[in-house]
There are 2 protein chains.
Amino acid sequence: MLKGHLDAIVLAALEAGPAHGYAIIETIKQRSAGTFDLPEGTVYPALHRLEQAGLLSSAWMTPPNGRRRRVYSLTKAGASALGERRKAWGRFSQAVDTALGGGRA
Amino acid sequence: MLKGHLDAIVLAALEAGPAHGYAIIETIKQRSAGTFDLPEGTVYPALHRLEQAGLLSSAWMTPPNGRRRRVYSLTKAGASALGERRKAWGRFSQAVDTALGGGRA
DNA sequence: GCCGCATACCTAGTTATGCTAGGTATGGAA
DNA sequence: TTCCATACCTAGCATAACTAGGTATGCGGC
């Protein structure tokens, strides 16, 4: 369970440039060293949600000898949302660190 | 939203010694510098859940000139669960850091 | 040729979990 | 005696991630 931070991770995966759903899943898996091996049923709905929210835009692409893909890009709103999510994550993780560490610190 | 890490935080709040629900809420609020100001409707069900799971035990106490309180203590299972949760949090937060930081690092 | 696998997309429905919004009761202060 | 802080509880809502399906195509092996 990613517990609400999935959106930030997906946005971060698109920061380097547009990508399609399947590739996003692979990127996340590699970046997290296998920790986040997300099922499609998690990622696709998330992409739709983020597009609905205006943080992503999508376009169908068909490479010369390949299959139809839906390629997502960060919108401006998405890029700034990513910034906020990163900050929110920083605050959140620090607060949890403190709350958990209190016993030993 | 605490997104699944609430249990760990509650267990950690009881690590220093037994406490009752209201006090636990206060402890968490102070430890997190106000970030986690949890409503009772969040904490009480969590306490019941943790007791059901055998990680906490509870007893009714009535101080000489005070009100009836339900005091929770960490069980052995609870203490070891806390250890695991802490480790899990460490792994999780590191993975998120990596996944989020990948774009800029 | 065709069988199966990896790629690539999608959705309905389940489950878990935190929160909202209520309710009950008591001790102490104004 | 009225009100607030303390102290507990629950039903029901909202959301989010996941399970478990379904569709379709390109490519390699047999």
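Every chain is numbered from 1 and lettered A, B, ... according to where its sequence line falls, protein lines coming before strand lines.
There is no path of hydrophobic side-chain contacts, each under 4.5 Å, that joins Leu50(B) to Val71(B).
When every heavy atom of Leu74(A) is checked against every heavy atom of Gly78(A), the shortest pair comes out as CD2-C, 3.8 Å. Between Thr75(A) and Gly54(A), the closest heavy-atom pair is OG1-O, 2.7 Å. Ala13(B) approaches Ile24(B) most closely through the heavy-atom pair CB-CG2, 4.2 Å. What you find for Arg31(B) and Ala12(B) is that their closest heavy atoms are NH1-O, 3.5 Å.
A straight line from CG of Leu6(B) to P of dT17(C) spans 10 Å, rounded to a whole angstrom. The distance between atom CE of Met61(A) and atom P of dC9(C), rounded to the nearest whole Å, is 12 Å. With rounding to whole Å, Lys3(B) atom NZ is found 13 Å from dC19(C) atom C1'. Rounded to whole Å, the distance from CD1 on Ile9(A) to C1' on dA16(D) is 14 Å. The CG atom of Leu38(B) sits 17 Å away from the C1' atom of dA21(C) (whole-angstrom rounding). Whole-Å rounding puts the Gln52(A) CD to dT15(D) P distance at 14 Å. Between Arg69(A) atom CZ and dA6(C) atom C1' there is a gap of 12 Å when expressed in whole angstrom units. At whole-Å resolution of the value, CD in Glu51(A) and P in dT11(C) are 11 Å apart.
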* Report the C-alpha distance between Leu56(B) and Leu11(B) in whole Å, list the side-chain angles of each, state the deciding distance to 0.1 Å, and finish with yes or no for side-chain contact (heavy atoms from CB on, under 4.5 Å). => CA-CA 8 Å; Leu56(B) 298 181; Leu11(B) 293 174; 3.8 Å; yes
* Let me see the working for Leu6(A) and Leu38(A) under side-chain contact (heavy atoms from CB on, under 4.5 Å), right down to the final yes or no. => CA-CA 10 Å; Leu6(A) 170 65; Leu38(A) 306 178; 3.6 Å; yes
* Apply the test side-chain contact (heavy atoms from CB on, under 4.5 Å) to residues Ile25(B) and Glu40(B): give CA-CA distance (whole Å), side-chain angles for both, the deciding distance (0.1 Å), then the verdict. => CA-CA 8 Å; Ile25(B) 292 175; Glu40(B) 304 172 23; 4.0 Å; yes
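One finds a side-chain N or O of Arg49(A) lying less than 4.0 angstrom from the OP1 or OP2 phosphate oxygen of dA17(D). For the OP1/OP2 pair of dT11(C) and a distance below 4.0 Å, the side-chain nitrogens and oxygens of His48(A) include at least one atom meeting the criterion. In this model, the phosphate group of dA17(D) is not approached by any side-chain N or O of His5(A) to a distance below 4.0 Å at OP1 or OP2. Side-chain nitrogen and oxygen atoms of Tyr44(A) include at least one within less than 4.0 Å of the OP1 or OP2 phosphate oxygen of dC9(C). Side-chain N/O atoms of Arg70(B) include none lying less than 4.0 angstrom from OP1 or OP2 on dC8(D).
DNA chain C lies under 4.0 Å from no heavy atom of any residue of residues 21-29 of chain B.
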Pairs: protein N or O with nucleotides 22-27 of chain C N or O, under 3.5 Å:
residue : atom : partner  : partner atom : Å
dT26(C) : O2   : Arg67(B) : NH1          : 3.3

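Cation-pi contact between Lys3(A) and Phe92(B): present, with separation from the ring centre below 6.0 Å and deviation from the ring axis of at most 45°.
With distances taken from any side-chain atom of Trp60(A) to the nucleotides dC19(C), dC8(D), dC9(C), the minimum falls on dC9(C). Of the listed nucleotides (dT11(C), dA17(D), dC8(D)), dT11(C) has the atom at the smallest distance from the side chain of Pro45(A).
Listed by first then second residue, pairs satisfying salt bridge (charged side-chain N to carboxylate O under 4.0 Å, His left out) with a partner in residues 50-64 of chain A read Glu51(A)-Arg70(A), not counting sequence neighbours.
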